[in-house]
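Everything quoted here is computed from the prediction, not taken from an experiment.
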Amino acid sequence: MTDNGTVVPLFKDLTDTPASPTLAVVPDKPAAPRRALPVRVFVRSRHTVGAVVKHERTRTIARVTVRHSAYLLGGTRIAARRAWDGRTGARYQRLLRAAEAAGNYQAAGEWEERLHRFRAERHKRRMDLLKAPQDMARSAAYGAATGIGALIAVGVALAIATKDPADVFTPLMALVELVRLLVVIVQMVWGPLVAVGPWLALVGLWALGRHQAAAPQWSLPATARTSDAGAPITPSIVVTALRDLGIAPLRKAIKEMGDAGAAMLGPIRIAGCGVEVDVTLPSGVSTSEVQARRKKLAENLSRHEHEVFITIPEAARTVRLWIADSGALDEPIGPSPLVTDETMTADYAKGRAPWGQDLRGDAATLSLYQRHLLITGLSNQGKTAALRALALWLALDRRVEFRIADLKGAGDWAMFDGLATVLIQGPTDDHVIDATEMVEGLVEEMERRLQAPPGTKFDPLIGIVDEAQVAFMCPAVGDDKRPYGGSKATSRYFMAARKVHNQGRAVDVLLYEGTQDPTDQNLPKLVREGAHTRISLALGTESQARMALGDKAVDGGAAPHLLRQGLDKGTVVIASDGIKIPAGQASITVRTHYIDTDTAHAIADRARALRDGVTTLTTVLDDEEERDALADIFSVLGDNPRVLTADVLKRLTVLSESAYGAWTPGDLKAVLDEAGAGPYKSDGRMVVGRERVARALANRDTDDSASA
């Protein structure tokens, strides 16, 4: 652009050269220097090299190169080792050391004898080789003389037949010609054999390495890496999995044992939907080291972590591996016998609850006789369903009395209305207060039974508190300034639970608790240690597992924290003497039967049919208020036309321990007789008639109104 604003083009068009250098506009300031081209090229080259290195084709070429090189090297190593083993006693020495490491001295003696025999035979062969040249020369001379003589004899016979003396040497010359022809053939073939032979040897070594998969795992094709998923478990697979755990002493010991690494293994037994094998570890390897590598061991066995369980049997330095068939643990185990057998009944003292299946596929049954129970687990893992299944079985024993507090209040225990004498449902502080008073009622009944004459028989009384962590963490404080929750000696719920744990089992007063995420805050140590049967579903950490099951069970292999949240619903780890546990183990894993809510209602209906009728209270009344005995009697009768006097006394005791706990049949009869509703006999047993009591109440109310 000129001073007058005229624009002067630098070029005529894009293809023209500048017409004159004077037409260019000279800027007032020098232009900024352009970026040097080498820098730009360098940056692009760096990114290009990175892209090439990261490209999948480059990685594939690298994997193929490493894989086939490793095949060749591995095949060479395997062939060399086989040759060495065939020429020396190395194999026998490895087997001898393996037997000694396993403590099998009888087998060690046998292998030592075989080693001596091998050495003696090898010495004999070597001595024979020393004499071989002399024997070969003697044999060759004798053979040559014999052969030449035979050929000449044939030639003589031929000359006589042809009457030509020259034919005497014809057979001999034919032999010489044959030898010459063989030499010519060898000369023709020898060159190609020398040229091709090394390549054939390399191909053979490569094929051997490929067959043995002698290459790094990451370099193998994807199909080769996954083709053994779910494969049957063999001794070699187990030994290889143990060798590759990353435990140096174990790897060294197996390497020294060679193929005899299987000497560490016991028999591989079929166990349910998997197999079981005991592994005796070599000296210097602890069982805890193997337990800590459960995930890696499972992957080495081509299994998921949840498909391999490691426990500690009685034998020293031994781990027991249970390895599931691939995918078997994700299959359902079938319905509960409570569902399929409508004639089933229960026996609290001598029976066992059909609860599920262990990992071996055997039925898992649990004895509940005089055992307090604690079940824990993360939310929505099947805790309530597992506990409820046990209670439903117990409900089929008409002698068992239930007092239940469901501090979730979602209706999971609603089917026990008409079965339980107390049924509290709700998460509020008021519900916790009622639950606390219910457990304190268990304490009062326990103390009454403990003071009864020796030999007195009592019906089982089961207290169930579901979501017990709500009670322990309740901030409510009573009029006496004592908190309902907490874990101190002033806590009402805590102290009531401790008292039941201390002496309740002796008189069949038991406490079952279910709680989430066990910690010292929501499940105090003294309470969890008081349970005889401790059960855990999936948990988040090992510390929670120790709180749920105890240190002994976790140290022995119990691992509820390794169960899969959301996938292993209903799978529990249980430590109890009430269930059959393999010798040497402290716990067992059980897959429980799932009973849905509708089916639970049907089972509860069967249980109600076995009973005379139960009046269920939804709250625990204050014992200090003035009681109306006749009204209370009518309330506990429920809708039943008649109830046994003994059952009426029990229900009154539940209603108010302080008011009716000391009542005798005589006291009950006196109150009823005074009201004109005395008990009477039905089928030879004393009962209280609902119609009589209702008429007495109506007459009393009429008299009171008239007098007023």
Side-chain angles (χ1 to χ4, degrees), residues 373-388 391 401-445 461-500 511-524 527-528 597 600-601 604 614-625 635 654-658:
L373 184 145
L374 171 66
I375 181 169
T376 64
L378 298 176
S379 178
N380 196 32
Q381 296 303 301
K383 177 180 75 277
T384 297
L387 179 58
R388 188 177 64 190
E401 178 188 347
F402 293 98
R403 301 183 187 180
I404 301 174
D406 175 15
L407 297 182
K408 180 165 56 178
D412 292 334
W413 294 88
M415 69 288 302
F416 278 83
D417 190 5
L419 283 175
T421 53
V422 175
L423 179 58
I424 300 165
Q425 300 181 89
T428 66
D429 290 348
D430 290 337
H431 293 102
V432 172
I433 293 171
D434 287 338
T436 302
E437 293 176 349
M438 182 194 80
V439 179
E440 290 175 340
L442 296 178
V443 175
E444 293 175 0
E445 174 63 14
L461 174 57
I462 310 295
I464 300 176
V465 181
D466 197 8
E467 306 295 343
Q469 76 278 357
V470 178
F472 284 112
M473 302 182 73
C474 177
V477 179
D479 295 335
D480 56 357
K481 305 303 181 183
R482 292 179 60 195
Y484 286 92
S487 58
K488 296 182 178 180
T490 56
S491 169
R492 291 181 60 177
Y493 180 85
F494 171 74
M495 290 306 297
R498 286 292 301 138
K499 289 179 180 179
V500 175
L511 181 61
Y512 297 170
E513 292 180 289
T515 183
Q516 296 180 12
D517 302 341
T519 64
D520 285 327
Q521 289 72 37
N522 61 25
L523 187 61
V527 172
R528 61 179 185 254
T597 303
H601 276 281
V614 175
T615 301
T616 299
L617 302 178
T618 58
T619 186
V620 180
L621 300 178
D622 188 357
D623 291 340
E624 296 181 358
E625 64 183 6
S635 67
V654 173
L655 187 63
S656 176
E657 175 71 23
S658 61

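Looking at residues two or more places apart in sequence or on another chain, you find a salt bridge (charged side-chain N to carboxylate O under 4.0 Å, His left out) between Asp520 and Arg528. With sequence neighbours left out, Asp517 forms a salt bridge (charged side-chain N to carboxylate O under 4.0 Å, His left out) with no residue at all. With sequence neighbours excluded, no residue forms a salt bridge (charged side-chain N to carboxylate O under 4.0 Å, His left out) with Arg498. Every side chain to side chain donor-acceptor pair (under 3.5 Å) that Glu445 has, sequence neighbours left out, goes to Arg448, Arg449. When the salt bridge (charged side-chain N to carboxylate O under 4.0 Å, His left out) test is applied to Arg388, no partner is found at least two apart in sequence or on another chain.
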Original post:
Does the pair Trp413 and Ile464 meet the rule for a side-chain contact (heavy atoms from CB on, under 4.5 Å), with working shown?
Top reply: CA-CA 10 Å; Trp413 294 88; Ile464 300 176; 4.0 Å; yes
**OP:** Report the C-alpha separation of Gln469 and Glu467 in whole Å, then their side-chain angles, then the decisive distance to 0.1 Å, and conclude whether the side-chain contact (heavy atoms from CB on, under 4.5 Å) test is met.
**Re:** CA-CA 5 Å; Gln469 76 278 357; Glu467 306 295 343; 2.7 Å; yes
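Looking at Thr515 and Leu374, their side chains come closer than 4.5 Å, going by heavy atoms from C-beta outward. The shortest side-chain heavy-atom distance between Asp434 and Val422 does not fall under the 4.5 Å cut-off. Using a 4.5 Å heavy-atom threshold, the side chains of Met495 and Val443 count as separate.
Contact record, Pro518 with Leu523: CB-CD2, 3.8 Å, taken as the closest heavy-atom pair. Between Gln425 and His431, the shortest heavy-atom distance links the atoms O-NE2, 3.2 Å. When all heavy atoms of Ala497 and Leu511 are compared, the closest pair comes out as CB-CD2, 3.8 Å. Minimum interatomic distance between Met415 and Thr597 (heavy atoms only, all atoms of both residues): CE-CG2, 4.1 Å. Smallest separation of non-hydrogen atoms from Leu387 and Gly514: CD2-N, 4.5 Å. In this structure, Gly463 and Leu442 approach most closely via the heavy-atom pair CA-CD1, 3.8 Å.
With rounding to the nearest 0.5 Å, the separation of CG in Leu407 from CG in Asp466 is 8.0 Å. In this structure, the separation between CG on Leu378 and CD on Gln516 is 8.0 Å, given to the nearest 0.5 Å. In this structure, the separation between CG on Leu423 and CG on Asp417 is 6.0 Å, given to the nearest 0.5 Å.
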Please tabulate, for side-chain N and O atoms in residues 471-489, each donor-acceptor pair with protein atoms closer than 3.5 Å (sequence neighbours left out).
residue, atom, partner, partner atom, Å
Asp480, OD1, Arg482, N, 3.2
Arg482, NE, Thr490, O, 3.2
Tyr484, OH, Arg492, NH1, 3.0

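Of the possible polar contacts, one joining the Thr421 side chain to the Phe402 backbone as a donor-acceptor pair under 3.5 Å is found.
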